Amino acid sequence: MKQISKSIFYIGTDDVDLDLFESQYPVPEGMAYNSYLIKGGKIAVLDTADARKGEEWLANLAEALDGAKPDYLVVHHLEPDHSALISKVLELYPGLVVAASAKALQMLGQFFPGMDFGGRTLALKEGDVLDLDGCSLKFFAAPMVHWPEVMVSYEQESGTLFSADAFGKFGALSVSGFYGEEEDDWACEARRYYFNICGKYGQPVQNLLKKVSELDIKTIAALHGPILRKDLDQYFKLYDIWSKYQAEKPGVLVAYASIHGGTAKAAKLLGDMISAKGVRVKMMDVARMEVSEAVEDGFSYDKVILAASSYDGGLFPPMYNFLHHLQDKAWQKRRVGFIENGSWAPCAGRIMKDMVSSMRDMEIIEPIVTLKSVMRPEDKPALEALANEIIK
């Protein structure tokens with residue numbers, strides 16, 4: 001059990017055996033399910049944990065309570081990786097009251113059918129303060145960061161922001177470090193986490209940032225990832241960039257999906273052409289890159305070249321899957337050029353262009369460069385023209 005301040009204790013758990021978070025995102029360094037206990041004259045438990053770590057979390061809770069009885073269970077976010085043990089805690093502590101947003105309380109029965117919550121709930125709204133007799137939590141609504149019922153809270157005496165899923169990252173704390181400043185690169189897995197978990201909801205994240213901007217925040221305690229205590233401005237700056245769909249890195253992302261290598265060869269030549277002009281280039285083989293990593297890179301650059309083969313009268317599936325994920329996460333505000341390849345009926349360019357054109361504030365670079373099976377010397381002027389156009 002770690003102590004964050006004189007009144008705040010960490011009671012979360014690590015899951016180093018988890019392979020896929022939300023059954024889709026690889027987590028080679030596991031996942032942290034963060035939970036906290038505040039001890040004032042009254043005691044509040046802040047969120048629970050995933051059912052996979054139920055026994056360990058309950059042991060952490062009992063150790064932190066040291067025989068005391070909690071008064072409140074604060075639910076910032078009802079997703080099961082943070083709330084699976086609510087019913088168990090209510091059974092163990094009959095006097096406990098669940099404090100959450102009205103929307104969360106409305107949804108409780110969906111996750112715990114048949115359980116009677118009568119007389120054991122407290123509905124919280126924007127600006128409410130939960131007085132713990134020596135500690136106090138002020139609440140701010142954060143709908144769609146990244147579920148509609150989410151709230152964050154601010155412990156006013158210690159300056160701790162309990163930020164729910166905001167400022168979270170992939171990785172178990174036993175692997176990546178308990179405090180953010182102990183990590184080599186917080187932003188790497190935090191970026192992948194943000195764009196894949198919260199990326200669709202840029203405006204709600206902006207709304208939240210505005211609400212908490214006037215607070216004297218000394219610590220950020222998210223539901224995943226390390227406790228952040230130093231240089232907090234850097235985390236707010238990155239979240240501001242990400243949630244505005246701005247490019248974090250200068251340069252051009254060249255993302256290609258090649259069946260037999262012909263498209264890859266052209267994409268790499270284009271990358272060399274752009275690099276020769278003094279512009280940073282990131283090459284990405286979409287067919288061999290895990291899609292959540294690809295989505296992260298897709299959001300990192302404001303200039304993107306998509307190069308793909310035609311396939312079965314459509315688009316080579318790895319590229320289609322990549323663009324489909326970007327659509328789902330509200331990819332926008334990018335300049336995009338295309339290379340297509342097809343041996344008898346090239347159609348990849350048209351499909352990629354249609355998918356990108358359906359997104360918001362996208363600048364399409366014309367014309368599409370079309371290859372027939374393999375790149376020929378006469379194709380190089382078109383590639384050079386595309387290189388010049390993308391970096392304008």
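The shown structure was predicted, so the numbers you read here are calculated from the model rather than taken from an experiment. Below, all heavy atoms of this structure are taken into account, side chains as well, without hydrogens, waters or symmetry copies.
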I would like to know whether Lys353 and Glu366 meet salt bridge (Lys or Arg N to Asp or Glu O under 4.0 Å); could you show each step before the answer?
CA-CA 10 Å; Lys353 179 182 173 182; Glu366 302 279 12; 2.5 Å; yes
Give me the ring orientation class for His77 and His146: parallel if the planes are under 30° apart, tilted from 30 to 60°, perpendicular past 60°.
perpendicular
State, with a plain yes or no, whether a side-chain heavy atom of Ser158 is found less than 4.5 Å away from one of Lys218.
no
Salt bridge (Lys or Arg N to Asp or Glu O under 4.0 Å) between Arg335 and Glu363: does it pass, once the steps are laid out?
CA-CA 5 Å; Arg335 301 188 75 225; Glu363 181 181 349; 3.0 Å; yes
For this output row, return yes or no: ring centroids of Tyr235 and Phe167 closer than 6.0 angstrom.
no
What verdict does the side-chain contact (heavy atoms from CB on, under 4.5 Å) test give for Tyr25 and Arg192, after you've listed the backbone C-alpha separation in whole Å, the side-chain angles of each residue and the deciding distance to 0.1 Å?
CA-CA 9 Å; Tyr25 303 116; Arg192 182 167 72 99; 4.3 Å; yes
Determine the interplanar angle of the Tyr311 and Phe316 rings, folded into 0 to 90°, and report it as parallel if under 30°, tilted if 30 to 60°, perpendicular if over 60°.
tilted
Taking the ring of Tyr36 and the ring of Phe9, is the distance between their centroids below 6.0 Å?
no
Counting heavy atoms not belonging to Lys200, are there more than 12 under 6.0 Å from its NZ?
no
Thr13 and Asp15: CA distance, side-chain angles, deciding distance, side-chain contact (heavy atoms from CB on, under 4.5 Å) verdict
CA-CA 7 Å; Thr13 66; Asp15 191 346; over 6 Å; no
Would you mind reporting whether Asp240 and Gln206 have side-chain heavy atoms less than 4.5 Å apart?
yes
Roughly how far apart are Ser358 OG and Gln327 CD, rounded to 0.5 Å?
4.0 Å
Could you check whether the rings of His76 and Phe162 sit parallel, tilted or perpendicular, using 30° and 60° as the cut-offs?
parallel
Ring of Phe195, cation from Lys329 - is the NZ or CZ under 6.0 Å from the centre and inside 45° of the axis?
no
Any chance the side chains of Tyr33 and Asp47 put a donor and an acceptor closer than 3.5 Å?
no
Parallel, tilted or perpendicular for Tyr320 and His324, by the 30°/60° rule?
parallel
NZ (Lys88) with more than 12 external heavy atoms under 6.0 Å
no
So His82 and His224, would you call those rings parallel, tilted or perpendicular, with 30° and 60° as cut-offs?
tilted
Just wondering, do Asp165 and Val150 contact through their side chains at under 4.5 Å, heavy atoms?
no
Geometric cation-pi criterion, Lys2 with Phe178: 6.0 Å, 45°
yes
